[in-house]
Amino acid sequence: MVKANQSINPRVGVIGAGKVGSTLAQRIAEKDLADVVLLDVIEGMPQGIALDLMEARGVEHHDRQLIGSNNYADLVGCNIVVITAGKPRTPGMSREELIEINAKIVKSAVKEAVKHCPEAIFILVTNPLDVMTYLAWKVSGLDPSRVMGMAGVLDSARFETFISLELGCSIADIQTLVLGGHGDLMVPLPRFSTVRGIPITELMETETIDRLVDRTRKGGAEIVQLMKTGSAYYAPASSVCLMVEAVLHNQSRFMPVAGYLQGQYGLNDIYMGVPCKLGYKGIEQILELPLEKSEIAALRESAEVVRKGLEMVESLVGFD
């Protein structure tokens, strides 16, 4: 049965046919969530990937259409647009160093996409995530509830993985919460991280938790160091797919995403990772948790790094 808020044939645009974008297209199609338009500036690449995914339908048994394109006009009718385009991190490169290159890419992509699907909800994946999400919102002219960034879902998933490995228990029983900017100063919250409802502070020593928190903060960098010439894409794609599903199916799910703060947590005019309720309208609610003084201080320290990135974007490419 089709829900009242859900179109019969939903459509998701994915801008950037690199490893995150192409894996996301596969996830969306094989979960039978929506048709996918995979867009990239490189001629032939998105078309080839889309055709390859279409040819897998006989094995995966779904009827979703996948279109590869170099033309933004093909985004017409998209309910959601996900932007993964941009330069990935290389070993030794911080997210902040990516700003000048990726800001130009994101700014152009958002302006073109909004022309053809002004009713869409936008999800940003390009790094530095929080800065690029703010830029996308400013450039798009959309209500901030319709622009969000994928950050906390991925960071929380990494934290859950490390806890599962440490305790030797099923990850299905673990729920974690990571707030703040998507960088080295993110704020994992052990008090709100549980195993079958039991806080991990009751299951592990403080030293162990601190070690897992540190590994979570450096989760992306650890993969970059191992791969040498690339960065993570399976877990990021799965994280975005979860957000896409929550919006398309109007699930009203609470998950940590980069949302626009207007006084929550004492922060204004900034995108940061916070618990948000996602539904077909986008971010329907931002949940403000009763944080301790040390947690608030860590969140504000993370916010300062994001603000420095915003200042750099404004000086380099502007928000208009």
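Nothing fancy with the numbering, it's 1 onward along the sequence.
- For Glu30, there are no salt bridge (charged side-chain N to carboxylate O under 4.0 Å, His left out) partners at least two apart in sequence or on another chain.
- Listed by chain and residue number, Trp137, Phe319 satisfy the ring pair (Phe, Tyr, Trp, His ring centres under 6.0 Å) test with Tyr134 (two or more places apart in sequence, or in another chain).
- Applying the side chain to side chain donor-acceptor pair (under 3.5 Å) test to Ser252 and every residue at least two apart in sequence or in another chain returns nothing.
- Annotation: salt bridge (Lys or Arg N to Asp or Glu O under 4.0 Å) contacts involving residues 56-66, sequence neighbours excluded, comprise Asp32-Arg64, Asp35-Arg64.
- For Leu39, the side-chain contact (heavy atoms from CB on, under 4.5 Å) partners are Ile15, Tyr72, Leu75, not counting sequence neighbours.
- Listed by chain and residue number, Arg191 satisfy the salt bridge (charged side-chain N to carboxylate O under 4.0 Å, His left out) test with Glu292 (two or more places apart in sequence, or in another chain).
- Listed by chain and residue number, nothing satisfies the salt bridge (charged side-chain N to carboxylate O under 4.0 Å, His left out) test with Asp269 (two or more places apart in sequence, or in another chain).
- Legend: side-chain hydrogen bond (donor to acceptor under 3.5 Å, both in side chains) pairs involving residues 102-120, not counting sequence neighbours, sorted by first then second residue: Lys107-Asp320, Glu112-Lys115.
- The hydrophobic cluster around Leu51 extends to none of the other residues, as no ILVMFWY side-chain heavy atom falls under 4.5 Å of it.
- By the salt bridge (charged side-chain N to carboxylate O under 4.0 Å, His left out) test, Glu288 pairs with no residue at all, sequence neighbours left out.
- The side-chain contact (heavy atoms from CB on, under 4.5 Å) test applied to Ala232 returns Arg158, Ile223, Pro236, not counting sequence neighbours.
- Here Ala103 pairs with Met132, Leu135, Val313, Val317 under the side-chain contact (heavy atoms from CB on, under 4.5 Å) rule; sequence neighbours left out.
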